[in-house]
Amino acid sequence: MTPKEEIEQLRTQLHQHNYNYYVLNQPTISDYEFDQMMHKLEDLETFYPQYADPNSPTQRVGSDINQSFRQVPHKYPMLSLANTYNEADVRDFYERVKNGLEGEEFEIVAEMKYDGLSISLTYVDGKLTQAVTRGDGVQGDDVTANVRTINSIPLQLRPNSGYPHEFEIRGEILMPWTSFEALNKERELREEQLFANPRNAASGTLKSQKSELVASRKLDAYLYYLLGDEIGNDGYHYENLQKAKEWGFKISDGMKKCKTVDEILDYINYWDKERKNLPVATDGIVLKVNSLRQQQHLGYTAKSPRWAIAYKFQAERACTRLNEVTYQVGRTGAITPVANMNPVKLAGTIVKRASLHNADIIQQLDLHIGDMVYVEKGGEIIPKVVGVDKTQRTPDMQPVHFITHCPECGAELLRIEGEAAHYCPNDTACPPQIKGRIEHFISRKAMDIESLGPETVDDYYQRGLIHNIADLYLIKASDISGAKNERAKSALKIVEGVKASLQVPFERVVFAIGIRFVGETTAKLLARHFKTMDALKNATVEQLLDVEGIGMVIAQSVVNYFQEPRNVEIIERLKEYGVQMSLSEEALSNQSTKLEGKSIVISGVFSKHSRDEYKALIEQHGGKNVGSISAKTSFILAGENMGPAKLEKASKLGVQILSEDDFLAMIENED
């Protein structure tokens, strides 16, 4: 067997095993055997690079190369479905179809409405060639590199399975409950904002600029509609999807053909309960006329097909007992009350805890320990207590009173006027705040010290190795390599990671030091305006308010941060150790005020720079990137294939549209 034949054989076998594991959920070999085959293929591809193939199973891991997305027009528009929430609307839809078909017999295919991100996949000769998001329905983002990392989406269809030369298949990219909960747990440990639901998490992941990150989050996909010139209009939707399943696609087993409206309603009622046991989020049922010919006859409105409709489930709610209210301390000192309840199943997961947000919510709910409380997820998957069944309350139940002192360090809590949260002011000696600030400092978007994590930070804190962010730069390999030097390799990696963080640019250092209310974008604004840490440290509230996008709350928070001697001492130590305390010469030389005060929308596909590069150029020259067009928009930087909706809105509001060349000429011209 030649090397090329061996490579192709291994690819075919691994594609089949991927299909068995991720689509059929019926693996035929062990994980170890799979890994051995994969390693062998990787070695062969490394040794014979002339046989490289982007659809090889080895390419599932993704890349850490930063990428921007180009917008691609859809061959067939991706329209949205009309929504309904009650039985009467379902009956009306059925009658409209019946009347539209003038008494001709028809079938309705009922299927799950998966709650994720719509995707369009194009296959040519059985190979995935392009993956595009829904976008505005007319065009979407090309996310092919990211989609290649999703194991349940075939890169190569099953051989000799009868697929057409070229076709498009549409479906939903999803984050399974297990992946979602693991991701939010990780973000909670880092005190990053939690994803509200798997849909947002899947969308945010698929739009990541690094496909390596997408691969790590274990997305899934279900496909639900087949299109193409070779598909024709004489077939049937249900039967087409059964063929697609044979080709290698993951198609729901929950589809059903219905002939009467009562059959449809029985299907809806069954899945309204049974969906709680599914591994992915669903928010309703989709009803489609089965015959493609009849679909064509019924046609479309301006926004949606007349032959399909989505029935949305009501928000899920459960009643359970409130056993206790505990309190968490965040890295900024914010106190979050948490309801601890009897376990209850809700939207596919067991819920035992729910955030109560702040003292006002507790007061509004009039909570008592022992109350039977209503917990809801609905669209927002993070559980919340939404009410109390006061008919089950007994006289001996005690009301919940918000705490007055920090549960960790005992300091008296403060509540800033105009804010809902209470804070622990003891930010120099309260353990969760100290560890939280260190975890924030080392996080990916801050100093990016990947070799450290929350558990390591806790270990070093407990051992007295670190008490603040500056102490990280004093750690020696001998301190953390173990009594018998058994962790020498990881210790060296940590020390090297800390040293490498000295090259992190000033904008990220401003974010990393953890000033309350100063997020990633605000840190950039402050860094580019004041240029050095000393200038920022000495800024007055009035000077801070002069910065575009900085309000009173942030300005006062910055001043308060630098008025604390302990914070100033830490900054001075960081400066001494070599952390970047000013904008680089390159950043300074490239800055200008040519776009100062201008709000700019970017739209379309560009040839000379990526969208991210244009965003950076706008910020570099003092402008502000905004996501949507309004009367306050200064102009639109427009590439090819600008969305028709944006074009129409710009014309209506009289917003100027600049081409790529015009924009570059604007910022390159000498003042």
Side-chain angles (χ1 to χ4, degrees), residues 69-84 109-123 128-150 152-154 167-176 179-180 195-208 211 214 217 219-228 231 237 240-241 244 249-252 254-255 275 278 280-288 295 300-305 307-313 379 381 627 641 643-646:
F69 302 116
R70 65 186 184 96
Q71 290 191 304
V72 176
H74 292 297
K75 186 174 181 179
Y76 310 96
M78 292 186 75
L79 302 178
S80 58
L81 295 179
N83 288 331
T84 179
V109 179
E111 56 194 62
M112 303 304 301
K113 184 178 183 299
Y114 293 106
D115 197 14
L117 181 74
S118 297
I119 197 75
S120 168
L121 308 173
T122 299
Y123 284 78
L128 175 65
T129 59
Q130 191 172 70
V132 183
T133 64
R134 181 181 179 277
D136 61 5
V138 177
Q139 61 181 4
D141 290 331
D142 184 338
V143 291
T144 309
N146 285 349
V147 164
R148 288 187 194 279
T149 70
I150 302 172
S152 54
I153 292 180
F167 66 92
E168 180 180 337
I169 190 166
R170 292 177 176 175
E172 208 80 1
I173 303 290
L174 303 153
M175 180 171 285
S179 300
F180 173 70
F195 284 113
N197 50 53
R199 180 189 63 253
N200 289 359
S203 178
T205 298
L206 197 65
K207 294 296 185 70
S208 168
S211 55
V214 183
R217 291 190 176 173
L219 296 178
D220 200 352
Y222 282 86
L223 288 306
Y224 54 63
Y225 199 67
L226 203 56
L227 289 154
I231 303 300
H237 167 64
N240 279 347
L241 290 185
F249 291 107
K250 190 168 187 174
I251 308 295
S252 171
M255 298 171 61
R275 66 191 172 105
L278 291 173
V280 292
T282 57
D283 62 351
I285 299 294
V286 174
L287 306 174
K288 298 173 185 171
Q295 289 182 9
Y300 301 80
T301 68
K303 294 183 179 180
S304 57
W307 45 266
I309 196 169
Y311 173 88
K312 302 292 285 288
F313 292 128
I381 300 304
N641 298 322
K646 285 185 177 178

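Residue indices begin at 1 and follow the sequence shown. Quick caveat: nothing in here was measured; it's all calculated off a predicted structure.
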Salt bridge (Lys or Arg N to Asp or Glu O under 4.0 Å) partners for E111, two or more places apart: K288

Sorted by chain and residue number, the ring pair (Phe, Tyr, Trp, His ring centres under 6.0 Å) partners of Y114 (sequence neighbours excluded) come out as Y222

Residue list, side-chain hydrogen bond (donor to acceptor under 3.5 Å, both in side chains) with Y311, at least two apart or on another chain: none

Under the side-chain hydrogen bond (donor to acceptor under 3.5 Å, both in side chains) rule, collect the residues that match up with K207, sequence neighbours excluded. D141

Of the non-hydrogen atoms in S304 and A82, which two are nearest, and what is the gap between them? CB-N, 3.9 Å

Tell me, please, which residues at least two apart from D283 pass side-chain contact (heavy atoms from CB on, under 4.5 Å). K113, D115, K312

Please examine the side chains of L174 and L219, heavy atoms only from C-beta on, and report whether any two atoms are closer than 4.5 Å. no

As an exercise, state the distance from OG1 of T122 to CG of L227, rounded to the nearest 0.5 Å. 9.5 Å

Got a sec, which residues hit side-chain hydrogen bond (donor to acceptor under 3.5 Å, both in side chains) with T205, two or more places apart in sequence or on another chain? R217

Spacing of CG belonging to L81 relative to CD1 belonging to I309, to within rounding of 0.5 Å: 8.5 Å

For S179, enumerate each residue passing the side-chain contact (heavy atoms from CB on, under 4.5 Å) test, keeping only those at least two apart in sequence or located in another chain. M175, P176, K218

Using side-chain contact (heavy atoms from CB on, under 4.5 Å) as the criterion, list what pairs up with L226, not counting sequence neighbours. F167, I169, I231, N240, W247

F249 and Y123: ring pair (Phe, Tyr, Trp, His ring centres under 6.0 Å), yes or no, with the steps? CA-CA 12 Å; F249 291 107; Y123 284 78; 5.1 Å; yes

Tell me, please, which residues at least two apart from R170 pass salt bridge (Lys or Arg N to Asp or Glu O under 4.0 Å). E168

